[in-house]
Amino acid sequence: MKVLFEKKYDPSDFEDKIYEKWTESNCFKASNKKTDKKTYAIAMPPPNVTGKLHMGHSLDNTLQDILIRFKRMMGFDVLWVPGVDHSAIATEVKLVEQLREEGLTKEEIGREEFLKRAFAWKEKYEDNILNQLKKLGVSCDFSRKRFTMDEQFSEAVFVFFKRLYDDGLIYRGKRIINWCFGCGTSLSDAEVEHKEKDGNFYYIKYKLADEDGYLEIATTRPETIFADVAVAVNTDDERYKKYAGKSVLVPIINKKIPIIYDSYVEKDFGTGALKITPGHDPNDFEIGKRHNLEIIDLFDDKGKLNSFAGPFEGMDRKKARKEVAKKLEELGVLVKIEPLKHGVGHCYRCGEVVEPKLSMQWFVKMDVFKKPALEVVQNGDINFIPKRFEKIYFNWVENVRDWCISRQLWWGHFIPAYHCLDCGHINISRKMPSCCEKCRGSNLEQDGDTLDTWFSAALWPFSIFGWPDEKSPDYLKFYPTDTLVTGYDIIFFWVARMIFAGLYNTKKAPFKNVLIHGLVRDEQGRKMSKSLGNGVDPIDVIKLYGADALRFTLASGVNAGNDMRYSEKKVVASRNFANKLWNASRFIFMQLNELDIKLNFNKISFSDEDLFIEDRWILYKLNVLIKELTKNIEDYEISVACSKLYEFIWSVFCDWYIELFKIKKACGFYSKDSKEEEKNKKSAFSLIVYVLDSILKLLHPFMPFITQKIYFELYGEDKIISTQSWPKEIENLDIEKKAKEFEKVIEVVGALRNFRAAENIAKKVKITVYIKTNYFDIFKECEQFLVHLAGCQEVNFIEEKEIENSRKIVTDSAIIYVYLGDLVDEEKEKEKLLKEKEFLEKEISIFEKKLSNDNFLNKAPQDVVLKEKEKLSSKQEKLSKILSSLKNF
RNA sequence: GAGAGCAUAGCUCAGCUGGUUAGAGCGCUUGCUUGACAUGCAAGAGGUCGUUGGUUCAAGUCCAGCUGUUCUCACCA
């Protein structure tokens, strides 16, 4: 016989080894051959190569793995493709940080050396990340792992860019864009986070140019006055009508600028006079265009003021704000400073304040994408789960503006453009062309910018299958994918862009369902962050409690797109659950060993006539579980599925069925050497193993390691559970009726236990019990269960007579007399029964009232009425039992 | 400024299309060294489901307002 499995449940003992077994067996590797099986594919949201995985990744991948493992067991041909994203800006920030620690800048080491370091970084962290994913137990196909900058991906990016360019959807131009001085690059609108900040509103006097007097303006950014080209007031503002055609002088530099009239200006905000800085404000830019104003760019790429700032040239913009205010005060033109709460844009990567800045950038025209992207969700080709995120998506898509795709970063896909220095023509090409396609000149220069990281990420769900090669077997078999699992924080960056790019490039929606989850927060509900130091490393949790416990915790906590709180206590509870299953399995294993029972893998059988009432009960409960669980997973109700598994395994299987099994054994049910017992023994073991086997499979998607480990212990080290079939409901067995009957026995056991606890009857003291019931057959069959579970000396069945000196316990199905001899306190006894009587009468009157209400009888559905009637009669039955007991006092 | 989510036991949350006496885990109380498990077993205490109205035979459950809270979007300097 095999060696018993370890007494102690220690996941660190076997989780890694089990992952190795899976890898060796290639059970997660998909075949690209066409079969008649249905396919199910997920494109894993590729983690950033910036560092290590966090709880959010654990949640995201746990959910995906549950779906993938479930579908695999359901018989689908599944493929889950993993990979990492080069995450241009995030990684570049890290690399620059690393350089700074060495006292270097990226300019000092040069582009080539920088990219060398970046690729080295990628190699290192990609490995880290993939290993962490394995620790979590993900069943993705690592033979297909992808990277957003690998060769084939770069080809995809080029094809996408070229198509857009040829279709006239990409243009290059000088626009006001969001500029991050921290990262030294432009950003798209989505990459700017607006935060309410306490700022100052500076009221500044601008002297009139040719006469006495002044105009007062208000601004939050006094350092930008050097880029002012006008002061604007509302066309209808009576206060300012007299200044038509006049000019003012910008303080400090005394530059003469005109007063203009524009309807954009709000009379009631600030002073009603607005300084116009087209180089550094998108609205001012628009006003400037309308009035043909000059555009002044005041900052260099590092955020320092340039020569336009006169005496402030070379000063950092943040310092300049204070210094300029100080100077204005000295000049006596600073009227006042008011505190003002206003939205300020911040870089989503480095957190620096983002400035609007005029800059030459590449853009994608978004208008043509809107309609198809809206339609595909409106008509249900793509479903968001939960549905409310569709509204958020619609709102964003409807209002999306042209997408700035160029970045002044070094890490990323080069913009595939070569500028002809002779004729100015832009050549779109993956590599340096031999000459300009227009003038044939050879004086070409590569565009220095790289692409927004999300430009390539948008291609992920089809590029991973080989696109732009539309004949690639994976693409033909697995695209479009089925479910996309991701956080709500990434809907705009990624989900929307994948839909745009998918529809444009492949004419298909890239996925069918989008399962949105929330953030994993800390115990107090705060976002996990580096600065707060409240982040929890999933790997630490796995080391302590096992991946299964972490997965189960996350899966149990996830709920309809809402955030969840992580706490170690929850993981402990999940670990305890795993421990429970471990020990239950070990118990069954020990029984098998003891009686030398050999298991036939996948050939567990039992026949109808061999089943006892408790067997029918557990089979019925199992049937219900299989049915509901399957539906729950298909409906993405993952946490509901978790609680059902928890309840069944712990409270039904362990607390009851295994305990009943023990009693049967203790009663010599199958220890004697007779034919009858041999049959019982076979049947009982077949059944308990059958139920355990089903449990392991049902739990496998959630807790893959422990279920696999127990499977190995049961059947041998070559039996992979991941590729077994999902359990099916048992049909054609008479189990439902018997199961309901067995619940009566459970109720009586509960009542007796309750009685013992209330009366402080010691464990060792056995009570003598008399039962009066209409369900004699059931209770007789379960006599031994009552004896052992409720600590009875003996159980006697009576028909008519009353038992003197006993305590009476009434359930729906029986009156139980517990003989207490002289100990019984008649008064107390009577009091209890009266109390119960009173309670029942109250309940019954509520039901009667309801059932005598014609409105209810006529309007409520018949099955509800029937149910209520049944309830009433069961209450009445119980009451009559109590009344008859009371007669004896 | 616009929109969305949340509000149920001390804490963290379930409660699907309205239908018993509103559930779980943790915590708490009382017993248990019961041969799988003290990472456990058994029994319990604890909630007028944020507030005010409305719809309905029937409302944590649907609708509206209010309060509190979290978040998203938005070019008021």
*asked:* Apply the syn/anti split at 90° from 0 to B:rG60 and say which one it is.
replied: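 Here the answer is syn: the torsion falls within 90° of 0.
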Spacing between [X] atom [atom1] and [N] atom [atom2], to the nearest angstrom:
X      : N      : atom1 : atom2 : result
A:L789 : B:rA43 : CG    : P     : 11 Å
A:R756 : B:rG31 : CZ    : P     : 16 Å
A:Y646 : B:rC13 : OH    : P     : 17 Å
A:L786 : B:rA42 : CG    : C1'   : 16 Å
A:N593 : B:rA36 : CG    : C1'   : 13 Å
A:Y9   : B:rU39 : OH    : C1'   : 10 Å
A:N858 : B:rG19 : CG    : P     : 21 Å
A:F785 : B:rU34 : CZ    : P     : 22 Å

*Along RNA chain B (nearest heavy atom to each residue), the more 5'-positioned of A:K871 and A:E523*: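 Counting from the 5' end, the first nearest nucleotide belongs to A:E523.
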Quote, to the nearest angstrom, the [atom1] distance that separates [N] from [M].
N      : M      : atom1 : result
B:rU8  : B:rG23 : C1'   : 10 Å
B:rC37 : B:rA42 : P     : 14 Å
B:rA7  : B:rG27 : P     : 24 Å
B:rU33 : B:rA59 : P     : 49 Å
B:rC66 : B:rG1  : P     : 14 Å

Looking for any heavy atom pair under 4.0 Å, which part of the strands does [X] touch: base, sugar-phosphate only, or nothing?
X      : answer
A:K569 : sugar-phosphate
A:P356 : nothing
A:E398 : nothing
A:K875 : base

Do the side chain of [X] and the main chain of [Y] share a donor and acceptor less than 3.5 angstrom apart?
X      : Y      : value
A:T277 : A:G279 : no
A:D402 : A:M366 : yes
A:N754 : A:G750 : no

Given [N], is OP1 or OP2 found less than 4.0 Å from the side-chain N or O atoms of [X]?
X      : N      : answer
A:N853 : B:rA58 : no
A:R565 : B:rC13 : yes
A:R575 : B:rU39 : no
A:W650 : B:rC41 : yes
A:N579 : B:rG40 : no
A:K850 : B:rC57 : no
A:K7   : B:rC37 : yes

Thinking salt bridges, do [X] and [Y] make one under a 4.0 Å N-O criterion?
X      : Y      : value
A:K387 : A:E390 : yes
A:E868 : A:K871 : yes
A:K709 : A:E15  : no
A:K867 : A:D863 : no

*Is there a donor-acceptor contact under 3.5 Å linking the side chains of A:D189 and A:N178?*
yes
*Determine whether the side chains of A:K197 and A:H346 contain a donor N or O and an acceptor N or O closer than 3.5 Å.*
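A donor-acceptor contact under 3.5 Å links the two side chains.
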*N/O donor-acceptor pair, side chain A:K8 with base B:rU39, under 3.5 angstrom*: yes
*Any N or O donor-acceptor pair linking the side chain of A:K859 to the base of B:rA58 at under 3.5 Å?*
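Counting by modelled atom types and ignoring angles, no donor-acceptor contact under 3.5 Å is found here.
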*With Watson-Crick and G-U wobble geometry limited to distances under 3.5 Å, how should the secondary structure of RNA chain B be encoded in dot-bracket form, using | for bases paired to another strand and [ ] for crossing pairs?*
(((((((..((((.....[...)))).(((((.......))))).....(((((..]....))))))))))))....
_Quick check on ring-ring contact (aromatic ring centres under 6.0 Å, His included): which of A:F493, A:Y488, A:F492, A:F389 does A:W396 satisfy it with?_
A:F492
From the set [options], return the single nucleotide nearest to any side-chain atom of [X].
X      : options                : value
A:K570 : B:rA42, B:rU12, B:rG19 : B:rU12
A:E659 : B:rG40, B:rA42, B:rA36 : B:rA36
A:D655 : B:rC37, B:rU20, B:rC41 : B:rC41
A:N562 : B:rC32, B:rA36, B:rG5  : B:rG5
A:K763 : B:rU12, B:rC37, B:rC32 : B:rC32
A:K580 : B:rU39, B:rA43, B:rC37 : B:rC37

*A:I767 and side chain to side chain contact (heavy atoms under 4.5 Å, CB included): which partner among A:Q793, A:E759, A:R756?*
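For A:I767, the side chain to side chain contact (heavy atoms under 4.5 Å, CB included) test succeeds with only one of A:Q793, A:E759, A:R756, which is A:R756.
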*Checking salt bridge (charged side-chain N to carboxylate O under 4.0 Å, His left out) for the pair A:E338/A:K336: CA distance, chi angles, key distance, verdict?*
CA-CA 6 Å; A:E338 269 181 1; A:K336 59 177 173 182; 3.3 Å; yes
_Where protein sits on nucleotides 70-77 of chain B, one letter per nucleotide: B base, S sugar-phosphate only, - none, heavy atoms under 4.0 Å_ = ---SSBBB
